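Every number for a ligand or one of its atoms is a count from 1 in the order of the listing. Just so we're clear, the structure is a prediction, and the values are computed from it rather than from any experiment.
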Amino acid sequence: MRQAFPIVISGPSGVGKTTVTRELLASDPLLSYSVSVTTRPPRRGETDGEHYEFVSEEEFADLVAAGELAEYALVHGYSYGTRKSVIRETTQAGLDVIMDLDVQGGMQMRDAFPESLLIFIHPPSHDELEDRLRGRATDSADVIETRLRNAHGELEVAERYDHSVTNDDLDKAVEEVRGIIDAERAARDGERATERGERATERGERATECGGAAESGETENRRS
Ligand code: ADP
Ligand code: 5GP
């Protein structure tokens, strides 16, 4: 079976992470979405278990204490985290697990799962980011202000990601991210094929050595 891996998508709020991820999921059967746990209240239209697993502060603290989370962080005033079980079960099923995380979560994933692929999505400009947040119309003016203020901190960490993509034209951004994922899969499959080839060569060499030893009467059985 292929070696599946986690894919982290980060970027400031409103940049289009959810939109890009949704497009990728719709067209890539090898991808599965990691539903995060959060203490944020659901927005209109959000479903428990589909967009997030919505939990209380106490439930979140219990998950942390029990060591159930692969990463977690306080983002825009609420706690968010990824269940270890989601990563384990998805990758064991041979699917790459794509997750929408803030940069604190992205850095934790790189430490805990070094095989993770980290992709940062940039806005074309600060004004466009603001327009998208306001246009989405899911957050109050206060919440939008907090998210715009936090965008600077997020952008500063971008250079620590494996890849950066600017979401100006949506279709182009999706294609770019798809290209990064496909290239990574091909590189990893290639590495595994090379490793398999090397192991087969080693086995072949060992068999030749044993065969040679047997012919020259050097095996234990022959000696005894
Ligand atoms: P995030 O998940 O990063 O917070 P969303 O995916 O919710 O962001 O996108 C924020 C808003 O911007 C949504 O209304 C979405 O439809 C819109 N949007 C996303 N990508 C683009 C784009 N390339 N051009 C214009 N609007 C976009
Ligand atoms: P939103 O409230 O808009 O859905 O998400 C707010 C922020 O939380 C986004 O930056 C998103 O990437 C981040 N986020 C969502 N789920 C997780 C998670 O499981 N862990 C971390 N660290 N951040 C998350």
Side-chain angles (χ1 to χ4, degrees), residues 6-26 33-55 60 63-64 68-87 90 97-113 116 118-140 142-158 161 165-177:
I7 300 170
V8 175
I9 305 287
S10 296
S13 185
V15 74
K17 300 180 296 295
T18 309
T19 312
V20 168
T21 304
R22 204 183 298 135
E23 296 264 326
L24 292 168
L25 283 161
Y33 185 64
S34 164
V35 177
S36 295
V37 184
T38 185
T39 60
R40 168 170 79 61
R43 292 181 184 133
R44 203 173 336 113
E46 282 184 335
T47 313
D48 188 40
E50 184 188 341
H51 298 93
Y52 281 104
E53 182 184 340
F54 296 101
V55 297
F60 196 93
L63 288 172
V64 172
E68 298 273 345
L69 301 183
E71 63 73 36
Y72 61 95
L74 193 65
V75 192
H76 315 311
Y78 294 103
S79 295
Y80 295 79
T82 305
R83 283 185 181 273
K84 284 179 186 166
S85 57
V86 169
I87 299 177
T90 309
V97 56
I98 191 162
M99 50 189 78
D100 172 345
L101 307 184
D102 88 310
V103 291
Q104 306 170 76
M107 293 300 102
Q108 289 176 45
M109 278 299 294
R110 199 174 51 187
D111 290 343
F113 296 83
S116 302
L118 271 63
I119 302 172
F120 194 93
I121 314 276
H122 289 264
S125 68
H126 184 82
D127 285 353
E128 174 66 18
L129 185 64
E130 188 166 350
D131 285 351
R132 286 185 194 171
L133 270 177
R134 296 197 193 288
R136 189 169 68 182
T138 50
D139 303 294
S140 65
D142 276 6
V143 169
I144 290 176
E145 282 312 315
T146 308
R147 286 172 180 245
L148 285 172
R149 256 197 322 276
N150 292 344
H152 298 289
E154 296 258 338
L155 290 163
E156 275 169 18
V157 188
Y161 275 61
V165 170
T166 299
N167 180 19
D168 191 352
D169 177 90
L170 179 63
D171 291 345
K172 278 193 194 146
V174 170
E175 276 320 302
E176 211 176 316
V177 175

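- Where the criterion is an N or O separation shorter than 3.5 Å, residue side chain and backbone included, Y72 fails it with respect to ligand 2.
- The shortest separation from a heavy atom of G14 to ligand 1 is under 4.0 Å, placing the residue in contact.
- Polar contact check, E128 against ligand 1: no nitrogen or oxygen pair lies under 3.5 Å apart.
- Using a 4.0 Å cutoff on heavy atoms, H51 does not count as a contact of ligand 2.
- We find the OG-OH distance between S36 and Y80 to be 9.0 Å, quoted to the nearest 0.5 Å.
- Counting heavy atoms under 4.0 Å from ligand 2, residue K17 touches it through the side chain alone.
- Considering D102, T146, D139, N150 as possible partners of H76, the one that fulfils the side chain to side chain donor-acceptor pair (under 3.5 Å) test is N150.
- At a 4.0 Å heavy-atom cut-off, ligand 2 does not touch M107 at all.
- Residues T82 and L69 form no side-chain contact, since every pair of their non-hydrogen atoms from C-beta on lies 4.5 Å or further apart.
- Less than 4.0 angstrom separates some heavy atom of A73 from each of these atoms of ligand 2: 22 (N).
- The side-chain heavy atoms of L170 and V20, taken from C-beta on, include a pair separated by under 4.5 Å.
- Across every non-hydrogen atom of L118 and Y161, the tightest pair is CB-CD2, 3.4 Å.
- Heavy atoms of S13 come nearer than 4.0 angstrom to ligand 1 in at least one pair.
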| query | Checking ring pair (Phe, Tyr, Trp, His ring centres under 6.0 Å) for the pair H122/F120: CA distance, chi angles, key distance, verdict? | reply | CA-CA 7 Å; H122 289 264; F120 194 93; 4.8 Å; yes
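- With rounding to the nearest 0.5 Å, the separation of CZ in R22 from CG in L24 is 11.5 Å.
- At a 3.5 angstrom cut-off on N or O pairs, E46 does not count as close to ligand 2.
- Counting only heavy atoms of the protein, atom 8 (O) of ligand 1 lies nearest to G16 N, 3.1 Å.
- Contact annotation: the side chain of V8 never approaches that of I119 to less than 4.5 Å [non-hydrogen atoms, C-beta and beyond].
- Residue T82 has at least one heavy-atom neighbour below 4.0 Å for each of these atoms of ligand 2: 19 (O).
- The protein atom (non-hydrogen) at minimum distance from atom 15 (C) of ligand 1 is T19 OG1, 3.6 Å.
- Using a 4.0 Å cut-off between charged side-chain N and carboxylate O, E53 and R40 make no salt bridge.
- Note on ring orientation: taking the six-membered ring where Trp is involved, the planes of H126 and H152 are parallel (angle under 30°, cut-offs 30° and 60°).
- Inter-residue side-chain proximity for R132 and P124 is flagged as met; some heavy-atom pair is nearer than 4.5 Å.
- For atom 20 (N) of ligand 1, the nearest protein heavy atom (residue, atom name, distance) is N167 ND2, 3.0 Å.
- When each atom of ligand 1 is checked for a heavy atom of D168 under 4.0 Å away, the hits are 22 (C), 23 (N), 24 (N).
- Listed by atom number, the atoms of ligand 1 under 4.0 Å from R136 heavy atoms are 1 (P), 4 (O), 5 (P), 7 (O), 8 (O), 10 (C), 14 (O).
- When non-hydrogen atoms are compared, ligand 2 lies under 4.0 Å from the side chain of R40 (C-beta onward) but not from its backbone.
- If you check which protein heavy atom lies closest to atom 14 (N) of ligand 2, you get D100 O, 3.4 Å.
- Of the polar atoms of G81, at least one N or O is found under 3.5 Å from an N or O of ligand 2, judged by distance alone.
- Heavy-atom proximity to L101, at under 4.0 Å, picks out these atoms of ligand 2: 12 (O), 17 (C), 18 (C), 19 (O), 20 (N), 21 (C), 23 (N), 24 (C).
- R149 and E145 are not joined by a salt bridge, as no carboxylate oxygen comes within less than 4.0 angstrom of a charged side-chain nitrogen.
- Ligand 2 has no N or O atom lying under 3.5 Å from any N or O atom of E154, backbone or side chain.
- Closest to atom 6 (C) of ligand 2 among all protein heavy atoms lies Y80 OH, 3.6 Å.
- With respect to atom 23 (N) of ligand 2, the closest heavy atom belonging to the protein is D102 N, 3.1 Å.
- Atom 4 (O) of ligand 2 has as its closest protein heavy atom Y52 OH, 2.5 Å.
- Closest to atom 24 (N) of ligand 1, if we only count protein heavy atoms, is R132 NH2, 3.3 Å.
- How far CD1 of I144 is from CG of L133: 5.5 Å, rounded to the nearest 0.5 Å.
- Contact annotation for V75 and ligand 2: only side-chain heavy atoms (C-beta onward) come within less than 4.0 Å of the ligand.
- If you check which protein heavy atom lies closest to atom 2 (O) of ligand 1, you get T18 OG1, 2.5 Å.
- Side-chain contact between P6 and M99 is present, with at least one heavy-atom pair separated by less than 4.5 Å.
- Distance check: Y72 OH to R83 CZ gives 14.5 Å after rounding to the nearest 0.5 Å.
- At least one side-chain heavy atom of R43 sits under 4.5 Å from a side-chain heavy atom of R136.
- When non-hydrogen atoms are compared, ligand 1 lies under 4.0 Å from neither the backbone nor the side chain of L133.
- With rounding to the nearest 0.5 angstrom, the OG1 atom of T21 is 4.5 Å from the CD1 atom of I98.
- Counting atoms of ligand 2 from 1 in the listed order, those under 4.0 Å from a heavy atom of G105 are 22 (N).
- Considering backbone and side-chain atoms together, R147 places an N or O closer than 3.5 Å to an N or O of ligand 2.
- Only the side chain of E71 comes within contact range of ligand 2, with a heavy atom under 4.0 Å; no backbone atom does.
- Close approach to K17 involves these atoms of ligand 1, each under 4.0 Å from a residue heavy atom: 1 (P), 2 (O), 3 (O), 4 (O), 6 (O), 8 (O).
- Atom 19 (O) of ligand 2 has its closest protein heavy atom at S36 OG, 2.7 Å.
- Atoms OG and CD, from S116 and Q108 in turn, are 11.5 Å apart once rounded to the nearest 0.5 Å.
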